[in-house]
Amino acid sequence: MERMEEKLDKYEVLQDLMRRRGFAWGSFEIYGGSRGFYDYGPLGATIKRKIEQKIREAFQREGFFELETPDITPEKVFIASGHVEKFVDPLVECRKCGARFRADHLVEEALGIDTEGMSAEHLTQLIREHDIRCPECGGELSDVWYFNLMFETRIGPYGDQKGYLRPETAQGIFVNFRRLNAFARNKLPFGVFQIGKAYRNEISPRQGMLRLREFTQAEAEIFFNPNETEHPHFDEVKHEVLRLYPIEHQLKNLGMIEITAEEAVKKGYIMNTLFAYYMVMVKRVLLDIGIPEEKIRFRQQLPEERAHYSRDTWDAEIHSERFGWVECVGIANRGDYDLSRHMKMSGADLTVLIHYDEPKIVKKLEVSLNMKRVGPKLKKDAKRINGLIKGWDEEKKRELVELLEKDGKVTIDGYELEKDDFIIKEVDEKITGEKIVPHVLEPSFGIDRPFYLLLENSLVIEEDRTYLKIKKDMAPIEVAVLPLVAKEPLKGIAYDIFRTLQKEGFIVVYDEKDTIGRRYLRYDEIGTPYCVTVDNQTPEDGTVTIRDRDTREQVRVKIEELPEKLKELIFGS
RNA sequence: GCGGUGGUAGUCUAGCCUGGUCUAGGACACCGGCCUUCCAAGCCGGUGACCCGGGUUCAAAUCCCGGCCACCGCACCA
């Protein structure tokens, strides 16, 4: 009970801190606010950019290409992607008590049947036929309607084209596949990423920043040959230990396991080294952002949890004192779902030619009519039937030849044809490669959730101070320069140091207000890792002190050495 | 969306039940000044609020209705 209060306390303290010191708060405050939207203040926006930058750098280290595509997207794209059909919940309302339910869940429960893909009309019909009633009050239920979680809009002044705000950034990458593939010079695998906004009209957003209607994602789509699922650099990461929570362990309540990436693949927990490689990458990015290792785990999604496009998904979850394990990154095997769907819908060729090491020589039957002989017989139909035969596949041609060998004749389209009516040749065909639809592995980072969880995990409440023990290079203000007292010559010297550090590229502030202790705590609270203090010794020997946020200890350094020293301390370089 | 509780300066809160004495009080924070030589010291001065919209009433922070937002429970979370 006491612990519960502490947790609530910490959450309250953090919410207060985020608002008061300019990290983040609910949007549109002066008009009463709107659920599911959050603003990033000056310090929050800085941290958010730093998180994005860490992810960007990680993707770039893998050689991925960055892309930027529109938020507003024509309907066709999401018909192809399945979002128009599948990104919906069938809802039903009780006419008596007004309670709302998932219609499919009610029907499944009442009749024990699979409702996957059923229309609203069908569900309504089933509810009427079997007189399914409100589980709360027994009242009559309304008709079923589908609620799509995408925000709709109209493109153009006459509303001629329907559009949606994208519910994921991924589709912008898939629809650009031909150009991206050309950019990659037709060579798999390659990765493309996009950092941008996505929108979901959540039925009931709650939990602060954890379920937003507009949020930022960093998604990478790795296009690979499904026959080549080994990552060439897996050796570099194979000893990394991952904390896994596989499906089976969830179903049988077996708890989590800690296992190296290599063992996880060997024992079949993770399907291949390609998948495992990117799980390690995701873990390292989260560590780089400053999430403590013990707060990270990978949970495999249960089949019924998976999105419509997913064959297998592992979520990187971060532990929150307040909310438990929170999904922050999804790593999904999307197979060829998206490219195949876009290929069908648009007619574009989204395949890649996979070259064989050596061209394959394949024996191939060429069968056609001997027009000289059959022409007079078939007259007008000769050309048509010839085309028909040429278009047959290998198997059908073989059958034809066998029949001719056996019977000496065959009937096609009402005409009886003899062996000599055909020209049959066996030729060698050189095949240089094979066209495949690439498969996709997708590590998809949320940005807002790690942002919140980074702050929550960084917040330290002590007897005499509350401070953000945020990873030093993630701090929104990296250095504060403080004259011990607001008097010359200390003020002037401090201000000069401030300008120098600013020009050196630090995010730095100058502050002379209030007593020194108060200022230290002011910067501790927003996570500033170092305060540079100009004291009475400074005018004498040109040294200042650097105070450490976490230990409160001070070291004295020469002013000229400050930029170098601070870079080393903050960025470790 | 449903039900419950709530919404007073940047933050926490007094006042609300029992309408007027509220020109809305306090603390912290913030701004200006004085003082101040290392971890939230002190003094002086200052800025700043009744969530929004209706209604009842001579009179509404206070009572009633609707909306919005927050928290809790339910439902939802591809």
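Here is the naming used below: chain letters follow the sequence lines, and residue numbers restart at 1 for every chain. All values reported here derive from a predicted model rather than from experimental measurement.
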Using both distances under 3.5 Å as the test, list the Watson-Crick or G-U wobble partner of B:rA24, or none.
none

Could you check A:Leu149 against A:Arg522 and say which one's nearest nucleotide on RNA chain B is further toward the 5' end?
A:Arg522

In whole Å, measure the gap between the P atoms of B:rG4 and B:rA41 for me.
47 Å

Report which part of the nucleic acid A:Asp524 touches: base, sugar-phosphate, or nothing (heavy-atom distance under 4.0 Å, all strands).
nothing

Please state how far atom CG in A:Asp535 lies from atom C1' in B:rC38, giving the value in whole angstrom units.
8 Å

Counting only side-chain N and O atoms of A:Arg549, is one of them less than 4.0 Å from OP1 or OP2 of B:rC39?
no

Quick one: pull up CD1 in A:Ile318 and CD1 in A:Ile289 and give me the separation to the nearest 0.5 Å.
7.5 Å

What is the distance from CG of A:Asp514 to C1' of B:rC31, rounded to the nearest Å?
11 Å

Within the supplied structure, the quantity of interest is the number of heavy atoms (other residues, nucleotides, ligands) at a distance under 6.0 Å from A:Lys491 NZ; does it exceed 12?
yes

Rounded to the nearest Å, what distance is computed from the CD1 atom of residue A:Ile526 to the P atom of nucleotide B:rC30?
12 Å

Roughly, in whole Å, what's the span from CG in A:Asn536 to P in B:rU36?
14 Å

Taking only the side-chain nitrogens and oxygens of A:Arg519, find out if one of them lies under 4.0 Å from OP1 or OP2 of B:rC39.
no

Separation of the C1' atoms in B:rG15 and B:rA27, to the nearest angstrom:
16 Å

For residues 468-477 of chain A, which side-chain donor-acceptor pairs fall under 3.5 Å, sequence neighbours excluded?
| residue | atom | partner | partner atom | Å |
| --- | --- | --- | --- | --- |
| A:Lys471 | NZ | A:Asp288 | O | 2.9 |
| A:Lys471 | NZ | A:Asp473 | OD1 | 3.1 |
| A:Lys471 | NZ | A:Asp473 | OD2 | 3.3 |
| A:Lys472 | NZ | A:Tyr530 | OH | 2.8 |
| A:Lys472 | NZ | A:Asp548 | OD2 | 3.3 |
| A:Asp473 | OD2 | A:Lys54 | NZ | 2.6 |

Does A:Asp315 use its side chain to pair, donor to acceptor, with the backbone of A:Glu317 at less than 3.5 Å?
no

Using atom CD1 of A:Ile30 as one end and atom C1' of B:rC68 as the other, report the distance to the nearest whole Å.
14 Å

Rounded to whole angstrom units, what separation is found between the CD atom of A:Gln207 and the P atom of B:rA75?
14 Å

If you compare every side-chain N and O of A:Lys487 against the phosphate oxygens of B:rU36 (OP1, OP2), does one of them come in below 4.0 Å?
yes

Can you tell me how far C1' in B:rA70 sits from the matching atom in B:rA60, rounded to whole Å?
24 Å

For nucleotides B:rC17 and B:rC12, find the distance between their P atoms and express it as a whole number of Å.
24 Å

Taking the C1' atom in each of B:rC22 and B:rA14, what is the distance between them to the nearest angstrom?
12 Å

Just N and O in the side chain of A:Thr515: are any of them under 4.0 Å from OP1 or OP2 of B:rA41?
yes

Mind checking the CD-CH2 spacing from A:Gln301 to A:Trp314? Nearest 0.5 Å is all I need.
11.0 Å

Determine whether a donor-acceptor pair (one donor, one acceptor, N or O, separation below 3.5 Å) exists between the side chain of A:Tyr31 and the base of B:rC68.
no

Send over the distance from A:Leu210 CG to B:rC76 C1', rounded to a whole Å.
16 Å

With P as the reference atom in both, quote the distance from B:rC43 to B:rU62 in angstrom, rounded to an integer.
37 Å

Is A:Thr545 touching bases, backbone alone, or none of the nucleic acid, heavy atoms closer than 4.0 Å?
base

Using purine N1 to pyrimidine N3 plus N6-O4 or O6-N4 for Watson-Crick, or N1-O2 and O6-N3 for G-U wobble, each under 3.5 Å, what pairs with B:rG1?
B:rC74

Regarding the side chain of A:Arg35, the nearest nucleotide among B:rA70, B:rU36, B:rC38 is B:rA70

Within the 4.0 Å heavy-atom criterion, would you say A:Gln554 contacts the bases, only the backbone, or no part of the nucleic acid?
base

What contact category does A:Asp16 fall into here, base, sugar-phosphate, or nothing, at under 4.0 angstrom with non-hydrogen atoms?
sugar-phosphate

Between A:Arg556 and A:Arg518, just flag the one whose closest nucleotide in RNA chain B comes earlier from the 5' side.
A:Arg518

Under a plain distance cut-off of 3.5 Å, with no hydrogens placed, do A:Thr169 and A:Gln194 share a side-chain donor-acceptor pair?
no

Taking the C1' atom of each, how far is B:rU13 from B:rU57, in whole Å?
30 Å

Could you tell me whether A:Arg306 contacts a base, only the sugar-phosphate backbone, or nothing, with contacts defined as non-hydrogen atoms closer than 4.0 Å?
sugar-phosphate

What's A:Leu521 touching, base or sugar-phosphate or nothing? Going by heavy atoms closer than 4.0 Å.
base

Is the phosphate of B:rC71 approached by A:Tyr11 (side-chain N or O, under 4.0 Å from OP1 or OP2)?
yes

Separation of atom NZ in A:Lys491 from atom C1' in B:rU36, rounded to whole Å:
13 Å

Carboxylate-amine/guanidinium contact A:Asp524 A:Arg465, below 4.0 Å
yes

Is there a Watson-Crick or G-U wobble partner for B:rA14 with both distances under 3.5 Å, and which nucleotide is it?
none

What's the gap between B:rC58 and B:rG7 when it is taken at their C1' atoms, as a whole Å value?
29 Å

Side chains of A:Arg166 and A:Gln171: is there a donor and an acceptor less than 3.5 Å apart?
no

